[in-house]
Amino acid sequence: MRPERGYVLCDPCLGRLFGSGNILHCEKRGRIIRGKGRDRPSECHICKGLCPSLEESCGPSLWGAAAYEFETFVVGVRLKSSMAERDDEVRSRCRLAGAAALRAYVAAMLSSYLGAMTGASVDHGAPELSITADLRDNTAEFHPRPVVLSGRYTKSVRGLSQKGAPCGGCAGEGCTSCGMLGVDTGGSVEGVISGHACGTYSARRASFTWVGGEDQESLVGGRGRPFVAQLVQPHRRGLVHPATVRLGGVVLHGLREVRSMPQLPVRFRSKVRLAVSAKGEISDDTLGRLADLGGSTLAVYEGRRRVERAIHSASHSRTGPGSFELHMEVDGGVPFKRFVSGETVFPNLSDLLGTVCSCGGFDFEEITVERGGHPGARGGTRRRPRKGPARPAGGRDRPRKT
Ligand SMILES: [Zn+2]
Ligand SMILES: [Zn+2]
């Protein structure tokens with residue numbers, strides 16, 4: 001009796017179940033097992049003819065991958081459950097527990113076609129593109145790995161909040177007026193960077209991790225505030241960005257792709273300039289009390305939680321009879337307006353000067369991430385250099401693979 005025990009099987013299924021060796025060569029092995037002189041059946045008990053015509057029937061569904069840039073991929077397969085059941089049944093009846101499953105064969109063959117078509121290779125760990133081929137209707141879904149972008153921004157205009165409000169047209173769901181980003185792209189740093197990054201990468205949307213934040217009216221100078229943006233559903237990747245990107249009042253510096261999101265919380269220090277005005281005049285003697293601030297520690301109360309923040313240095317310059325500028329280098333996370341007015345921060349300027357003070361605004365002159373805490377530093381840049389010359393950002397209509 002033949003090993004397939006009366007089951008009518010196509011060459012690929014025969015070779016897959018009763019041969020051994022490279023899964024891609026099942027069809028050839030099946031022909032050998034069948035032997036000369038025996039006709040190939042027109043039907044297959046398990047796959048109903050799927051395997052011999054796999055490339056013609058399922059290949060086209062993979063062409064959608066051309067819309068994405070990737071060097072590594074993985075293919076998953078959805079089969080009709082009846083087909084998978086027949087495969088299990090034959091493997092069980094013929095005691096073939098070790099033979100490759102139909103699903104594994106189909107995934108390997110589709111991976112082989114896609115690899116030949118694009119030059120990309122299979123990676124089961126963290127592929128740049130995950131594809132699910134649905135053989136029930138010959139369609140495929142494409143899930144590109146998010147791109148993580150690290151950079152810094154400076155802000156030279158007032159009236160721009162850091163975090164974006166959800167788009168008024170769609171409440172964050174994505175609509176045509178917000179370019180499907182779900183965020184109001186004009187009125188915030190987040191919106192401006194989202195618009196640029198998602199446009200450059202043809203990504204669906206961006207989610208941000210900021211190293212501290214500032215007021216809507218604050219400027220951010222120096223080398224800028226670090227941030228990391230995760231771009232979801234990117235069509236492009238592996239881009240090299242110019243050292244600076246000007247987006248109106250927001251300028252991006254040192255934009256680059258990194259492996260992973262930063263470990264939180266990120267420790268950092270800020271150099272700030274506070275504009276302070278008191279209710280009345282302040283004498284030079286009174287103002288001199290500010291000299292003690294450098295090297296002191298602030299107790300900051302957030303509800304019932306108490307945290308300490310160091311003031312590393314402080315200096316001041318008078319700007320009027322009852323007003324002055326305070327320059328400080330402090331740990332990240334000091335609520336500056338409350339530090340001036342005196343609510344829930346101790347010591348504070350109102351207590352120190354013995355008069356009610358208010359903060360007219362604060363600007364950031366520098367933000368420094370403390371050692372070991374740079375966003376995206378963990379894992380560094382890509383492990384593996386890309387083949388070929390670095391591709392510049394922009395000109396994204398250029399197809400990368402054909
Ligand atoms: Zn078959
Ligand atoms: Zn919208």
Side-chain angles (χ1 to χ4, degrees), residues 2-35 38-59 77-94 96 99-110 112-113 133 135-136 138 161 163-188 190-199 202-208 231-233:
R2 292 195 57 85
E4 65 266 34
R5 300 190 180 201
Y7 287 115
V8 176
L9 300 178
C10 65
D11 284 346
C13 284
L14 196 60
R16 171 171 63 83
L17 294 172
F18 300 97
S20 61
N22 191 330
I23 196 168
L24 299 176
H25 300 153
C26 285
E27 183 156 16
K28 192 174 156 198
R29 273 203 308 278
R31 262 198 313 273
I32 293 166
I33 291 168
R34 189 178 308 286
R38 291 184 73 215
D39 286 340
R40 255 182 250 168
S42 56
E43 260 263 292
C44 172
H45 171 70
I46 296 176
C47 72
K48 304 290 179 200
L50 171 79
C51 293
S53 63
L54 198 56
E55 186 164 7
E56 298 84 80
S57 57
C58 303
V77 169
R78 280 193 207 119
L79 293 175
K80 262 186 199 158
S81 55
S82 56
M83 201 179 277
E85 280 161 18
R86 288 193 300 274
D87 187 45
D88 289 341
E89 169 207 306
V90 174
R91 292 195 303 152
S92 160
R93 290 262 176 88
C94 301
L96 297 167
L102 176 61
R103 190 190 308 276
Y105 170 75
V106 172
M109 291 306 286
L110 294 182
S112 167
Y113 302 148
L135 277 76
R136 297 170 301 186
N138 288 333
S161 62
K163 296 189 176 76
C167 166
C170 63
E173 289 296 304
C175 67
T176 46
S177 76
C178 61
M180 300 308 288
L181 296 174
V183 61
D184 176 13
T185 48
S188 65
E190 178 178 352
V192 168
I193 303 177
S194 282
H196 173 72
C198 292
S202 298
R204 170 82 177 71
R205 62 187 162 76
S207 53
F208 287 82
L231 309 181
V232 177
Q233 287 275 336

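Counting starts at 1 for both ligands and their atoms, following the listed order.
- An angle of 110° is found at the Zn ion (ligand 2) between Cys178 atom SG and Cys175 atom SG, rounded to 10°.
- Side-chain contact between Arg86 and Lys48: present, with at least one pair of heavy atoms (C-beta onward) separated by less than 4.5 Å.
- When rounded to 10 degrees, the angle formed at the Zn ion (ligand 1) by SG (Cys44) and SG (Cys13) equals 110°.
- In this structure, the side chains of His45 and Leu9 come closer than 4.5 Å at one or more pairs of heavy atoms.
- Within the coordination shell of the Zn ion (ligand 1), defined by N, O or S atoms under 2.8 Å, His45 is absent.
- Counting non-hydrogen atoms of other residues, nucleotides and ligands closer than 6.0 Å to CD of Glu173 gives a total of 12 or fewer.
- Judged by distance alone, with hydrogens and angles left aside, the side-chain atoms of Arg103 form a donor-acceptor pair with the main-chain N or O of Val77 at under 3.5 Å.
- At a threshold of 2.8 Å, the Zn ion (ligand 1) has no backbone or side-chain N, O or S atom of Cys51 nearer than that distance.
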